[in-house]
Amino acid sequence: MTVLDAPAGTAVPAVRGQGLVPVFVRLKLTLLRNGLRQSSGRRAAYVASLVVTVLLAAGQVVGLVALRGHAQAGTLVVLMTAVVALGWAVMPLFFPSGDETLDPSRLVMLPLRPRPLIGALLVASLIGIGPLFTLALALGSVIAVAHGAAAVVFGLAAVPLTLLVCVALARSVATANIRLLTSRKGRDLAVLSGLVIAVGIQFVNFAAQSLGRAGGLSSLEPVADVVRWLPPASALGAVASASEGAYGTALTQLLLAVLALAGLMWLWQRSLTKLMTSPDGSTIAAAEPSAKRSGADRADRSGLFALLPEGRTATVMQRSLRYVVRDPKTKASWVTALAIGLIVPVLNAAQGTGSAYFACFAAGMLGMQMYNQFGQDTSAFWMVALSVSSTRDAYLELRARALSLLLITLPYTVLVTVVTAAVLGDWAALPGVVGLSFALLGAMLATGALASALFPYSIPQDGAFKNVVPGQAGLAWISILGGMVAAAVLSGPVIGLTIWLHVADRQGLLWLLLPVGAVYGAFIGWLGVRLAAPRVADRLPEILAAVSKG
């Protein structure tokens with residue numbers, strides 16, 4: 001009998017380690033199967049992810065096999081392995097709810113000892129898309145660098161060892177930080193991971209371009225010489241060393257990977273023992289005196305909020321701005337937009353390949369925050385719906401939301417434009433870029449207000465990167481992509497004026513774009529809110545039903 005088969009209320013002796021492995025493998029498969037049964041959208045997303053991963057893994061293996069015999073194959077292999085291992089280390093911090101079995105706190109009430117438990121969890125962790133991709137990387141890497149019978153022997157040990165070290169690394173990190181990850185701060189960390197990933201992609205792109213100018217992979221050999229001694233890359237470094245006849249070096253590098261696996265398993269067991277035996281917030285009363293409440297928890301009109309206009313406008317603006325600070329997903333969306341809106345134009349300008357007009361990208365990123373305004377409220381939108389009884393109420397609600405967005409986007413757009421112009425040294429283009437950005441921002445406010453009224457969708461609260469509930473993906477695509485296309489069309493007059501001034505060689509008149517863009521953006525934004533208001537008032541029940549599904 002296993003702990004999963006025991007009747008409720010029965011004391012079950014600890015299961016032997018060899019009996020836990022099949023139980024946890026079945027548990028992992030059952031969790032996966034039941035998760036896919038929840039909705040067709042989830043099944044489609046999983047199948048799509050699996051297909052993409054298989055294709056990427058296959059392409060990766062083919063590419064690595066094609067590098068066999070290349071002078072820089074060993075450098076590429078160890079660096080790729082190090083990057084993948086880094087991903088295994090940080091992904092549990094960013095995706096704590098991506099795998100239910102990553103949460104060992106669910107097992108603390110079972111009569112299980114940590115040592116056999118970590119062995120069973122390690123084997124169960126080998127089931128998934130991530131392990132498949134890592135296995136393909138390790139296999140292709142061995143084929144790329146293994147030359148000779150001795151290297152093949154080392155490769156047979158390096159492939160499973162690389163995979164086990166990566167999985168054990170992820171498990172030990174997840175277990176050591178599980179109480180943080182399941183707390184409010186942990187959920188904030190997971191949601192804000194979008195910023196880290198998005199920013200990281202931009203810097204990786206910048207580094208790749210710099211690498212190409214510096215002479216390719218040969219410039220990374222000093223880094224690879226260090227990385228090949230760091231597990232799990234050392235396991236694949238051992239294969240390369242064995243291929244060169246350095247068997248002592250190869251054995252040392254392989255031993256380092258074995259020691260790393262043993263150390264990670266020990267750290268994992270220690271963290272798991274602490275988790276299963278020490279109390280947490282659920283068992284220790286942590287009452288906080290009401291007198292300690294901070295001023296930020298009181299909905300008053302002190303500080304900067306005192307500068308807002310009176311009435312419904314002030315209330316809605318306060319609510320929207322507090323969402324930016326307190327709601328994890330709203331915060332993540334804003335921080336990501338602010339970061340990417342600055343990084344893309346500035347990095348391009350720093351490389352000498354950009355234009356001052358790249359700064360309009362910031363207005364586009366921030367204007368997207370106007371889309372799906374009511375979906376950001378989730379089920380709490382019913383309180384807003386109760387306060388909207390006429391077209392006038394709907395207009396004031398939308399206008400206040402747009403004003404709270406402009407409170408951040410207007411100065412930020414100017415800041416990004418100034419920084420981009422300073423990096424390029426193109427101060428003459430500054431007024432025209434600011435005017436064009438204002439026009440684009442106004443157009444996105446207009447289309448965002450209409451899209452919020454016509455195509456609302458719910459944003460689920462669970463999952464760091466789940467931004468649409470199953471069954472509403474079509475609405476999200478129509479709302480965002482359709483709205484962005486419409487915003488580009490609405491910005492056409494100012495874009496056309498900008499192009500004409502450049503083609504006609506009248507750069508001296510580009511300053512006119514600043515007042516023209518500001519006035520046009522304000523008008524088109526006001527018009528969009530005005531047109532969206534009656535649709536919001538008429539469609540309140542449909543909007544409430546759509547945004548409450550998550």
| remark: Tightest non-hydrogen contact, residues Val547 and Tyr457, listed as CG1-O, 4.0 Å

Would you list the atom pairs, donor with acceptor, under 3.5 Å between side chains in residues 419-435 and any protein atom, with sequence neighbours excluded?
| residue | atom | partner | partner atom | Å |
| --- | --- | --- | --- | --- |
| Thr420 | OG1 | Val416 | O | 2.8 |

For residues 483-494, dump all side-chain donor-acceptor pairs below 3.5 Å to protein atoms at least two apart in sequence or in another chain.
| residue | atom | partner | partner atom | Å |
| --- | --- | --- | --- | --- |
| Ser491 | OG | Ala487 | O | 2.8 |

| For Arg399 and Thr313, what are the C-alpha separation, side-chain angles and deciding distance, and is it a side-chain contact (heavy atoms from CB on, under 4.5 Å)? | CA-CA 8 Å; Arg399 187 188 66 176; Thr313 299; 3.1 Å; yes

| task | Measure the shortest side-chain to side-chain distance between Pro131 and Trp88 over non-hydrogen atoms and say whether it is less than 4.5 angstrom. | result | yes

| Non-hydrogen side-chain atoms of Leu510 and His502 separated by less than 4.5 Å | yes

| Of the non-hydrogen atoms in Gly528 and Ala449, which two are nearest, and what is the gap between them? | O-CB, 4.2 Å

| Do the side chains of Phe374 and Val536 get nearer than 4.5 Å, heavy atoms only? | yes

| task | Kindly indicate, with the supporting measurements, whether the criterion side-chain contact (heavy atoms from CB on, under 4.5 Å) is fulfilled by Val414 and Phe438. | result | CA-CA 9 Å; Val414 175; Phe438 286 169; 3.9 Å; yes

| query | Is the shortest heavy-atom distance from the side chain of Phe455 to the side chain of Asn372 under 4.5 Å? | reply | no

| field | Where Ile543 and Ser452 come nearest, the two heavy atoms and their spacing | value | CD1-O, 4.5 Å

| said: Looking at every heavy atom in both Ser172 and Trp268, which two are closest together, and how far apart are they? | reply: CB-CB, 4.0 Å

| task | Return each pair, listed once, that meets side chain to side chain donor-acceptor pair (under 3.5 Å) where at least one residue sits in residues 431-449; pairs must be two or more places apart or across chains. | result | Tyr371-Thr447

| Spacing of CG belonging to Leu366 relative to CG belonging to Leu440, to within rounding of 0.5 Å | 10.5 Å

| remark: Hits for side chain to side chain contact (heavy atoms under 4.5 Å, CB included) against Val51, two or more places apart or cross-chain, chain-then-number order -> Val47, Leu55

| query | Is the shortest heavy-atom distance from the side chain of Leu405 to the side chain of Trp334 under 4.5 Å? | reply | yes

| Is there a side-chain contact between Phe358 and Val346, using heavy atoms and a 4.5 Å cut-off? | no

| message | How long is the straight-line distance from OG of Ser404 back to CD of Gln373, given to the nearest 0.5 Å? | response | 6.5 Å

| task | With sequence neighbours left out, write down each residue that passes side chain to side chain contact (heavy atoms under 4.5 Å, CB included) with Arg312, or none if nothing qualifies. | result | Val316, Ser387, Val388, Asp393, Leu396, Glu397

| task | Using modelled atom types only, decide if a donor and an acceptor are shared between the side chain of Lys28 and the backbone of Ile127 within a distance under 3.5 Å. | result | yes

| request: Please test Val384 against Arg319 for side-chain contact (heavy atoms from CB on, under 4.5 Å), starting from the C-alpha separation and ending with a verdict. | output: CA-CA 11 Å; Val384 177; Arg319 186 209 314 139; 3.9 Å; yes

| message | Could you measure the distance from the CG atom of Leu398 to the CG atom of Leu450? Nearest 0.5 Å is fine. | response | 9.0 Å

| Shortest non-hydrogen contact from Ala168 to Leu264? | CB-CB, 4.1 Å

| note | Interatomic distance, CG@Leu501 vs CZ@Arg506, rounded to 0.5 Å, equals 8.0 Å

| query | When you measure from the side chain of Arg535 to the backbone N and O of Leu531, does any donor-acceptor pair fall under 3.5 Å? | reply | yes

| request: Return the minimal non-hydrogen interatomic distance between Cys166 and Thr134, and the atom names on each side. | output: SG-CG2, 4.1 Å

| said: Using 0.5 Å steps for rounding, measure from the CH2 atom of Trp500 to the OG1 atom of Thr498. | reply: 11.5 Å

| task | Name all pairs fulfilling the salt bridge (Lys or Arg N to Asp or Glu O under 4.0 Å) condition that reach into residues 357-384, sequence neighbours left out, sorted by first residue then second. | result | Asp377-Arg401

| field | Atom pair CG/CD1 of Leu56 and Ile129 - distance to nearest 0.5 Å | value | 11.0 Å

